[in-house]
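Worksheet: the structure to be examined is printed underneath.
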2 protein chains.
Amino acid sequence: MAGYWKIATYNVNSIRARMPVLLAWLEREQPAVVALQETKVRDENFPHDEIKAAGYYAIFKGQKSYNGVAILAKSSPENVRFGLDEWGQPDEARLVAATIDGINIVNTYIPQGRQAATDYFYYKLGWIGQMREYFNRYYQADQPVIWVGDFNVAPDRRDVYAPDKLLGSVGFHPDEHAALDMVRQWGFVDIFRHHVPEEGHYTFWDYRVPNGFKRKMGWRIDHIWATAAIAGHSVRAWVDTDMRQGPKPSDHAPLLAEFNWS
Amino acid sequence: MAGYWKIATYNVNSIRARMPVLLAWLEREQPAVVALQETKVRDENFPHDEIKAAGYYAIFKGQKSYNGVAILAKSSPENVRFGLDEWGQPDEARLVAATIDGINIVNTYIPQGRQAATDYFYYKLGWIGQMREYFNRYYQADQPVIWVGDFNVAPDRRDVYAPDKLLGSVGFHPDEHAALDMVRQWGFVDIFRHHVPEEGHYTFWDYRVPNGFKRKMGWRIDHIWATAAIAGHSVRAWVDTDMRQGPKPSDHAPLLAEFNWS
DNA sequence: GCATGAGGAG
DNA sequence: CTCCTCATGC
């Protein structure tokens, strides 16, 4: 519906490889805010001009090969912040925050974790845990805050294609669920789940699973979470799988939500 | 003109990367014979089906990454031969010969030579020298023979954008000229030169020269040479630079010649 | 600059 | 399967 304030999160898996798809989708969808993850590009190579020509401000922090986050917005972002803590982490290219249209946006690309019971996995759990401190440090739970991004965690059985088989694997592990739940309890509502209780809505399909998208072998690991102050204004949420039909899709699909917010 | 027998030579710089451009051009130009160089593909990955669907027989010999030659033809190729000598050279993916419509076609991708006074350069000179023996071994100079391909040599001052500056560099070196002239004297006419005496007609523009094509900084290193038996039937010859305007052009443009030959 | 492959990652 | 970097060739 025109007039609603719309936010999207989209793991592009390389913004440079995804530019034709991304620009066509921005043109069509016109969200007020787009949170991008895995831009995989150094800041000096970020396609700022093309984004600007599409009508968006862009704030971004990247590195070569891995990670990289950005926020695109029709209004100018304020209070821009990068990284999980104040003293610039090893991977500050995983979090970008800004205030846009009076709403506090936090966009994260949470570490993938590789394998349960590895250092990578414990690093991921610790990273998630620090998000609660992050929200405590910068916001209050009665403010309008939207936490979006690739969380690399599917919260419950409805969010993976084979919950019994996958339980305990990275992305659908009890420890991840516990860690994420601690952050949720700071004051978030899973906006997609709020509107869509049914199972089988995914945002990610592993390239290595043959025909994973067609066979509906996906994961819901990208999320839009909001505090009560704004969750009450949410109108709908959905996964945009259109671009998965076209050429050169990302392994993720965009997740969108609309709010009746001036 | 419809009815003329048309041959083309085209260094595709990877046939797989060039398929969209190549197919559109075949559809438009419909040559009887097309000699391709630098296909850069192993035989098992040669796009045989698409070529066949375009109405062409294909004979090819490739290797991974480098070299690779092919002949596409509307009529079935006979007496097919690969490599410079009978006992399968290290780089047999540089020469393919066949008889098509009664005309003996030899398609070569002559070594580039890298730097004057290196082993690579002397290898190139030796390779060119062996071409005279090759023609002696398989043909007689009064037969219809067409030698086409990327010779990696610009024969005279009209064939490079800066003859004074470039004289002595690889591709425009007196030793290359002498070697090539020995083969010419076996019995060949440079068909393009026969029709177009003017300078400044090129078939190759180094990708590394910024805007080389626009600035006309090219080389005429692709050739169609024919014995008198068939040179006398040649009607015209030209470089097709159309595809250089479109997306993803090769660093070479196709060279074409027409003959009034049944 | 534009191709190729190898090796690493997810 | 689809990205990345790096090395290599022209």
Side-chain angles (χ1 to χ4, degrees), chain A residues 11-19 21-22 37-42 45 62-68 91 93 109-115 118 120-121 124 150 152 169-171 204-215 217-219 221 243-244 247-252, chain B residues 11-19 21-22 36-42 45 62-68 91 93-94 109-115 118 120-121 123-124 150-153 169-171 203-215 217-219 221-222 244 247-252:
Chain A
N11 179 318
V12 288
N13 186 15
S14 166
I15 194 172
R16 285 173 294 178
R18 217 63 57 214
M19 275 315 271
V21 164
L22 176 63
Q37 305 85 36
E38 287 205 84
T39 54
K40 292 187 177 178
V41 68
R42 271 178 283 235
N45 300 323
Q63 60 183 75
K64 74 173 179 186
S65 266
Y66 309 117
N67 310 330
D91 55 359
Y109 173 54
I110 292 180
Q112 192 270 347
R114 299 203 195 183
Q115 272 237 303
T118 62
Y120 299 102
F121 187 71
K124 176 183 191 174
D150 179 352
N152 265 316
S169 54
V170 169
F204 166 74
W205 300 264
D206 193 320
Y207 281 134
R208 290 165 292 184
V209 175
N211 290 106
F213 179 72
K214 273 189 202 161
R215 295 158 67 203
M217 297 171 76
W219 304 61
I221 60 176
M243 67 211 348
R244 292 284 323 195
K248 280 190 153 259
S250 168
D251 47 357
H252 293 248
Chain B
N11 179 318
V12 287
N13 187 15
S14 168
I15 193 171
R16 284 173 295 176
R18 217 62 58 213
M19 276 313 273
V21 165
L22 177 62
L36 301 177
Q37 305 86 35
E38 287 206 83
T39 53
K40 292 186 176 179
V41 67
R42 271 178 283 235
N45 300 323
Q63 60 184 79
K64 74 175 178 186
S65 268
Y66 310 117
N67 310 331
D91 55 359
R94 287 186 180 276
Y109 173 54
I110 292 180
Q112 192 268 349
R114 299 202 194 182
Q115 272 238 302
T118 62
Y120 298 103
F121 187 71
Y123 181 70
K124 176 184 190 173
D150 179 352
F151 292 14
N152 265 315
V153 178
S169 54
V170 169
T203 64
F204 165 75
W205 300 264
D206 193 321
Y207 280 135
R208 291 164 292 183
V209 175
N211 290 107
F213 179 73
K214 273 188 201 161
R215 295 157 69 203
M217 297 171 76
W219 305 61
I221 60 176
D222 301 276
R244 293 284 323 197
K248 282 194 152 252
S250 169
D251 47 357
H252 294 246

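In what follows, every chain begins at residue 1, and chains take the letters A, B, ... in the order their sequences are listed. Being a predicted model, the structure only gives us computed values, none of them experimental.
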Partner set under salt bridge (Lys or Arg N to Asp or Glu O under 4.0 Å) for R18(A), not counting sequence neighbours
none
Residues forming a salt bridge (Lys or Arg N to Asp or Glu O under 4.0 Å) with K124(B), sequence neighbours excluded
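K124(B): salt bridge (Lys or Arg N to Asp or Glu O under 4.0 Å) contacts with E176(B).
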Keeping the roles fixed (side chain from R244(B), backbone from S250(B)), state whether a donor-acceptor pair exists under 3.5 Å.
yes
Test of understanding: with side chain to side chain donor-acceptor pair (under 3.5 Å), list the residues that count as partners of D206(A), not counting sequence neighbours.
R208(A)
First contact, last contact: which nucleotides of DNA chain C are these for chain A, 5' to 3', heavy-atom distance under 4.0 Å?
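Answer, 5' to 3': dA9(C) to dG10(C).
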Going through the checks in order, is the side-chain contact (heavy atoms from CB on, under 4.5 Å) test met by I221(A) and H252(A)?
CA-CA 9 Å; I221(A) 60 176; H252(A) 293 248; 3.7 Å; yes
If you walk 5' to 3' along DNA chain D, what is the first nucleotide with an atom under 4.0 Å of a heavy atom in chain B, and what is the last?
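Span of nucleotides near chain B: dG9(D) to dC10(D).
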Identify, between N13(A) and Y207(B), the residue whose nearest nucleotide on DNA chain D lies closer to the 5' end.
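Comparing both residues, the 5'-ward one is N13(A).
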Starting at the 5' end of DNA chain D and moving along, which residue's nearest nucleotide shows up first, S65(A) or F204(B)?
S65(A)
For a 4.5 angstrom cut-off between non-hydrogen side-chain atoms, does L22(B) reach L36(B)?
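Result yes, sub-4.5 Å side-chain heavy-atom pair found.
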Decide yes or no for K40(B) and N13(B): does some side-chain heavy atom of the first lie under 4.5 Å from some side-chain heavy atom of the second?
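The answer is yes; the side chains approach within 4.5 Å.
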Sorted by chain and residue number, the ring-ring contact (aromatic ring centres under 6.0 Å, His included) partners of Y109(A) (sequence neighbours excluded) come out as none
